[in-house]
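These figures come from a predicted structure and were not determined experimentally. Both backbone and side-chain heavy atoms feed into the values below; hydrogens, waters and symmetry mates do not. Each chain gets a letter, A, B and so on, in the order its sequence line appears, and its residues count up from 1.
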Amino acid sequence: LTNTSISDAQEMETIWTILPAIILILIALPSLRILYLTDEINNPSFTIKSIGHQWYWTYEYTDYGGLIFNSYMLPPLFLEPGDLRLLDVDNRVVLPVEAPVRMMITSQDVLHSWTVPSLGLKTDAIPGRLNQTTFTATRPGVYYGQCSEICGANHSFMPIVLELIP
Amino acid sequence: MLATRVFSLVGKRAISTSVCVRAHESVVKSEDFSLSAYVDRRDHPLPEVAHVKHLSASQKALKEKEKASWSSLSMDEKVELYRIKFKESFAEMNRGSNEWKTVVGGAMFFIGFTALIIMWQKRHVYGPLPQSFDKEWVAKQTKRMLDMKVNPIQGLASKWDYEKNEWKK
């Protein structure tokens, strides 16, 4: 049977709306403060620019001399047995371990996203805007990622490969 | 008067357009859905009208008997009075049905049919799998990933025993 006679509890309704809202604000403000604070403590050793195109990445190492190269996915016909299909590239991003690195990410045409999940990195590449992400890798190895913002026909075919050398 | 009697017997109030009826009924015609109706519902236990509108002679006599003391009513008479008021008892109106069998059967049938479509697709529509799904390729790939120590903390390389050169038990 339906209960039609319980209604109109204005005081309780007001309290259990306002009180949780206050509690949530008290949680959110310090949390946001900490979030922004963690962005500022870094001091990177060097800076690399990563520019997204349709459908490849360009990396620029311009701190000490000018090294600029493109990074295309290896087409399946060019793979050696044992290579990772859709993940391996012709030119990897080579970085040293234990060095704080600043990546400046942008795009030349449409939105892309520069991702390396095993290092906890994802930053959108937005045309006309420079986004920054910093990281310090502690383990040597090869780290893979894939473009994470739909950017056209070959969006799934522009991976990112980081090679961390000790 | 005859017209109203005929119409109320047949119950088709939609045809109450004759002037004769109009002159005796109210000016505004009542639609069917706005009149009180009988419903058998759990959450509306006392309907607005009785189930039986026009009592037979015996039923009228029973109603007269109801005005006296109820202890003089027999069980059958009480049930008859109930059935005048109500169409179905609560047990009857809440009865289950076998509809679920039809629904479940229909759903499983269509799921099976979908499986047939998928099998046909795999055979006649899709192309071959890429080279990298071959057993040898996967073996070389896995060896390479283990050499690279991919995800050594909780992922792939953490499941490999590097001393004994085999997967961890």
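Residues of residues 141-149 of chain B that come closer than 4.5 Å to chain A, counting heavy atoms only, are B:Gln141, B:Arg144, B:Met145, B:Met148, B:Lys149, ordered by residue number. Below 4.5 Å, heavy atoms of chain B meet heavy atoms from A:Ser118, A:Arg139, all part of residues 106-141 of chain A. For residues 100-131 of chain B, heavy-atom neighbours of chain A at less than 4.5 Å comprise B:Pro130, sorted by residue number.
Linking Ile, Leu, Val, Met, Phe, Trp and Tyr whenever their side-chain heavy atoms come within less than 4.5 Å puts A:Leu87 and A:Val89 in one cluster.
Across all their heavy atoms, B:Tyr38 and B:Val49 have their closest contact at CD1-O, 3.3 Å. The shortest non-hydrogen separation linking A:Ser45 to A:Tyr64 is O-OH, 3.9 Å. The two residues A:Leu164 and A:Pro96 come nearest to each other via the heavy atoms CD1-O, 3.7 Å. Pairing each heavy atom of B:Pro45 with each of B:Phe86, the nearest pair is O-CE2, 4.0 Å. Contact detail for A:Thr47 and A:Met104: the closest heavy-atom pair is CG2-CG, 3.6 Å. Of all the heavy atoms in B:Met93 and B:Arg42, the pair that sits closest is SD-N, 3.7 Å.
Only the side chain of A:Tyr144 has a heavy atom closer than 4.5 Å to any heavy atom of chain B.
To the nearest 0.5 Å, atom CD of residue B:Glu77 and atom CG of residue B:Leu62 are 5.5 Å apart. Between atom CG of residue A:Leu37 and atom CG of residue A:Leu32 there is a gap of 11.0 Å, rounded to the nearest 0.5 Å. For the atom pair NZ (B:Lys65) and CG (B:Leu81), the distance works out to 9.5 Å, reported to the nearest 0.5 Å.
No option in A:Val93, A:Val142, A:Val101 other than A:Val93 meets the side chain to side chain contact (heavy atoms under 4.5 Å, CB included) test with A:Leu162.
Side chains of B:Trp70 and B:Glu66 form a contact here, defined as non-hydrogen atoms less than 4.5 Å apart.
Here ring-ring contact (aromatic ring centres under 6.0 Å, His included) pairs that include residues 69-102 of chain A, with residues two or more places apart or in two chains, are A:Tyr56-A:Tyr72, A:Tyr59-A:Phe69, A:Tyr61-A:Phe69.
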